[in-house]
Student: 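What follows is a structure written as structure tokens; I'll ask about it next.
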Amino acid sequence: MLRVSLPDGSVKELPAGSSAADLAAGIGAGLARAAVAAKVNGELWDLNRPLPPDADVAIVTRGDDDADALYALRHSTAHVLATAVRDLFPGAGIGFGPPIENGFYYDFEVPEPFTPEDLEKIEARMAEVVAEGYTFDRREIDRTEAEDLFSDDPLKLERLAEIPEGETISTYTDGPFTDLCRGPHVASTGEIRHFKLLSGAGAYWRGDETRQMLQRIYGTAFYDKKSLSAYLTQLEEAKKRDHRKLGQDLDLFSFHEEFGPGLVAWHPKGARIQMALRRWIEDLLLKQGYEFVYTPHVASESLFRRSGHLPAYAENMYPSMQEDGEGDAFRVKPMNCPGHTMIYAARQRSYRDLPLRLSEIANVYRFERSGTLHGLLRVRMLTMDDGHLFCTPDQVEDEIFTCIDLIDEVMGTLGLEYRLDFSTRPEKRIGADEVWDRAEADLRQALDRVGRPYGVDVGGGAFYGPKIDIKFKDAIGREWQGATIQLDFNLPERFELEYIGADNKPHRPVMIHRAIFGTLERFTGFLIEHFAGAFPVWLAPEQVRVLPITDEQAEGAAAIVSVLRDAGVSAEIDVRSDTLNYRIRDGELNKVPYLLVVGGRELEAGTVAVRARGAEKKQVVMPVQEFADRIREEVRARALVP
RNA sequence: GCUGACGUAGCUCAACUGGAAGAGCACCGGAUUUGUAAUCCGGAGGUUGUGGGUUCGAGUCCCACCGUCAGCUCCA
């Protein structure tokens, strides 16, 4: 007999060798039908795998809102994909095929990349495998048997060799295909009804760019047809929000071969958004006691040698510039930190001066690898809302809290949720391990005091120190990387920064590097996609457009524009001889927050007919001054309207 | 940087197997003066990403380069 504890606290006894499927059947026929897997002592198990003698067991039921159920389904779908590929491309090498956030992928070693037609054929073959309803059969085997089984699969053998001695080696078979796999899987391929292959692309074996490239196929799967179509619709929605497309349509920015890749030209409307963001963050920083500085865009290489950027960061820096026979070569700055240490070191500092908070909203240039560039999200000239906090070791925690406060303020205003990631020392770094030990411990301690849950990104730190990364969620649930807080004991050391303590002796300050938006480029790209181009009025480049109904109201409309501009509102007039309908449509398509329709009635009464974006015919008529006051207040409060 | 796909007017896209570069929108001109999501007529606009090559003939085929896109790697 074996005893299992159920989530409701009850205990059930079952004959030895019983599986979770048996358990579910014992509880009820409905549960048995809905069951797809089981959580056994917190681990996801196959439904039909014999249970251990004493275990906490929860039945995982079919459903697209259950991460475990989806995990098993997608993992199984990946196997079905491999089954189909092996069938259609008999010599294909088999890499990894895990479930991922919104689906799954599988990597194959094939001589030619898969074409879109191949994907169609594979998907059709998968449908046949599904129709066969093969069961997923788990087997636990020993190493020699496994080596024998996968003797023709070098990638699997490599993986096999990494499984530690003593750990269970299991395989799963669905019809003609057997894979080295930990599981779990759904009971049979028949469980997989709603799936789709999405794309194919190259991917390095083990994610290592020195290894061979495999061909990866991405796909997704759901239990419910509606979930699948909702997901596909969401992909379409994401495409519609693409900031590169909206940036073009809304005339915000452009890229040009003449500039080179990754270099943005901000058009007037895009520049207005930049201004709004810049003024906002500058106000917040001033309130927090920051001081603003400016440092040169190019600097002698000796500066970057001393900071450690050369060579630790050299591959991301533009090449050196040297004038014939003229001393040291120069570099364009990829970061502001070395420059800010100069300002710190320009005079003797007292502990009374600390914390010293310096900020520079500055353009820096990074030579990003061409394949990584992506619209505004990855560029080669970036505008950081950069800041460096110089403080005593005792002040580190408080200073990190000031950064978190800023982030809360910014995220709160935008109505965004965020989460934190703790990133530890990377392989390529400067400084002794003991220094890193301390920096990581200190940062972690501060993070624990913040009291929010956080993830850990091992090896994700900056080359000079560990960091906290802020990931926020947009309107359609995607995560973005923006703010970052980095703790640095290395640069103060390298630049021999000091302050005189209360003991009248020199001490080394600690440096915190931080950015709240991250970069204005990426943050703007994020905002465009988050708002789908329909910016709240305080961010909108054109806040109001006044539409006189006929030429007769043109003068009166122009006067209204003047009133609004005097109130600090960015207002335009549309006096084109097109119909009112045409101009309203144009205003809506340009996502102008407020369209003011002005006809004879309004001019006579001193009012405007306010058509708020998206409100269609629910417009209100109000006196010009009232509208001006209202919009001014909305802008002041950075309200998320209209 | 790597693998693959792609590059035709400002934008979105046509142009059968190589056989006279086209449409809609945007833009310009004219008419129209409009009450809540596209008024009508006309016009201009392209050395088909760049440079080579094959061919009687190249947007179409081949090569190189540039750029874009997807993914990998990297990252604000």
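Convention: sequence-line order gives letters A, B, ...; per-chain numbering from 1. What you see below is based on every heavy atom in this structure, not just the backbone, and it leaves out hydrogens, waters and symmetry mates.
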Student: Locate the shortest heavy-atom distance separating P642(A) from A612(A); write the atom from each residue and the value.
Tutor: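 Heavy atoms only, the tightest pair is CB-CB, 4.1 Å.
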Student: Mind checking the C1' distance from G42(B) to U32(B)? Whole angstroms is fine.
Tutor: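 Result for the C1' pair: 14 Å, nearest Å.
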Student: Would you measure the distance from the P atom in C6(B) across to the matching atom in U60(B) and give it in whole Å?
Tutor: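 C6(B) and U60(B) have their P atoms separated by 13 Å.
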Student: Taking atom C1' in both U48(B) and A15(B), what distance in whole Å separates the two?
Tutor: 11 Å
Student: Name the residue from Q486(A), R429(A), H309(A) that meets the side-chain hydrogen bond (donor to acceptor under 3.5 Å, both in side chains) definition with Y464(A).
Tutor: Q486(A)
Student: Record whether the side chain of S577(A) comes under 3.5 Å of the base of U32(B) through a donor-acceptor pair of N or O atoms.
Tutor: yes
Student: Please list, chain by chain and in numerical order, all residues satisfying side chain to side chain donor-acceptor pair (under 3.5 Å) with E427(A), sequence neighbours excluded.
Tutor: none
Student: So is R380(A) actually on top of F367(A)'s ring, under 6.0 Å and inside 45° of the axis?
Tutor: yes
Student: Reckon K428(A) has a side-chain N or O less than 4.0 Å from the OP1 or OP2 of C74(B)?
Tutor: no
Student: If a protein heavy atom is under 4.0 Å from the base, mark B; if only from the sugar-phosphate, S; if neither, -; do that for nucleotides 67-72 of chain B going 5' to 3'.
Tutor: SSSSBB
Student: M335(A) and F463(A): which non-hydrogen atoms are nearest, and at how many Å?
Tutor: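 What the structure gives for the nearest pair is CE-CE2, 4.2 Å.
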Student: Do the charged groups of R279(A) and E282(A) touch, with an N to O distance under 4.0 Å?
Tutor: no
Student: Can you tell me which nucleotide in C74(B), U36(B), U33(B) comes closest to the side chain of R378(A)?
Tutor: C74(B)
Student: Write down the distance separating the C1' atoms in G10(B) and C27(B), rounded off to the nearest Å.
Tutor: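 Per the computed distance, 8 Å lies between those C1' atoms.
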Student: Does D421(A) use its side chain to pair, donor to acceptor, with the backbone of K471(A) at less than 3.5 Å?
Tutor: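 Judged by distance alone, no pair lies under 3.5 Å.
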Student: Tell me whether the side-chain N/O atoms of R576(A) come closer than 4.0 Å to OP1 or OP2 in C27(B).
Tutor: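 Yes, within the criterion.
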Student: Parallel, tilted or perpendicular, judged at 30° and 60°: which one describes the rings of F108(A) and Y106(A)?
Tutor: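 Geometry flag for Y106(A) against F108(A): parallel rings.
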Student: Taking atom P in both A44(B) and G30(B), compute the distance separating them and give it to the nearest angstrom.
Tutor: 16 Å
Student: Report which part of the nucleic acid Q553(A) touches: base, sugar-phosphate, or nothing (heavy-atom distance under 4.0 Å, all strands).
Tutor: nothing
Student: Give E315(A) one of three labels, base, sugar-phosphate or nothing, depending on what nucleic acid heavy atoms sit under 4.0 Å from its own.
Tutor: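 If one applies the 4.0 Å heavy-atom cut-off, E315(A) turns out to touch nothing in the nucleic acid.
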Student: Any donor-acceptor pair under 3.5 Å joining the side chain of N581(A) to the base of U36(B)?
Tutor: no
Student: I'd like to know if R522(A) reaches the base of C75(B) with its side chain, counting only an N/O donor and acceptor under 3.5 Å.
Tutor: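 Such a pair exists between side chain and base.
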Student: Report yes or no: is there a donor-acceptor pair, N or O only, under 3.5 Å between the side chain of R611(A) and the base of A37(B)?
Tutor: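 Between A37(B) and R611(A), which were checked side chain against base, a qualifying N/O pair under 3.5 Å is present.
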Student: With respect to the phosphate group of A26(B), does any side-chain polar atom (N or O) of Y582(A) fall under 4.0 Å of OP1 or OP2?
Tutor: yes
Student: Determine the Euclidean distance between corresponding C1' atoms of G49(B) and G67(B); express it in Å to zero decimal places.
Tutor: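 Pairwise C1' distance, G67(B) against G49(B), rounds to 7 Å.
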Student: Classify E368(A) by what it touches in the nucleic acid, base, sugar-phosphate, or nothing, heavy-atom distance under 4.0 Å.
Tutor: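 Base contact - E368(A) has a heavy atom under 4.0 Å of at least one base atom.
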Student: The side chain of R369(A) is closest to which nucleotide in this list: A37(B), A76(B), U73(B)?
Tutor: U73(B)
Student: Which of residues 477-490 of chain A have a heavy atom under 4.0 Å from RNA chain B?
Tutor: Q481(A), G482(A)
Student: C1' atom, A14(B) versus U54(B): distance in rounded Å?
Tutor: 27 Å
Student: Cation-pi check, R216(A) to Y105(A): give yes when NZ or CZ is under 6.0 Å from the six-membered ring centre and within 45° of the ring axis, no otherwise.
Tutor: yes
Student: Among U36(B), U12(B), A38(B), find the nucleotide with the atom closest to the side chain of I584(A).
Tutor: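 Nearest listed nucleotide: U36(B).
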Student: Report the relative orientation of the aromatic rings in W480(A) and F526(A); use parallel for angles under 30°, tilted for 30 to 60°, perpendicular for over 60°.
Tutor: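 Answer is perpendicular, since the angle exceeds 60°.
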Student: With rounding to whole Å, what would you report as the distance between C13(B) and U17(B) at their C1' atoms?
Tutor: 22 Å
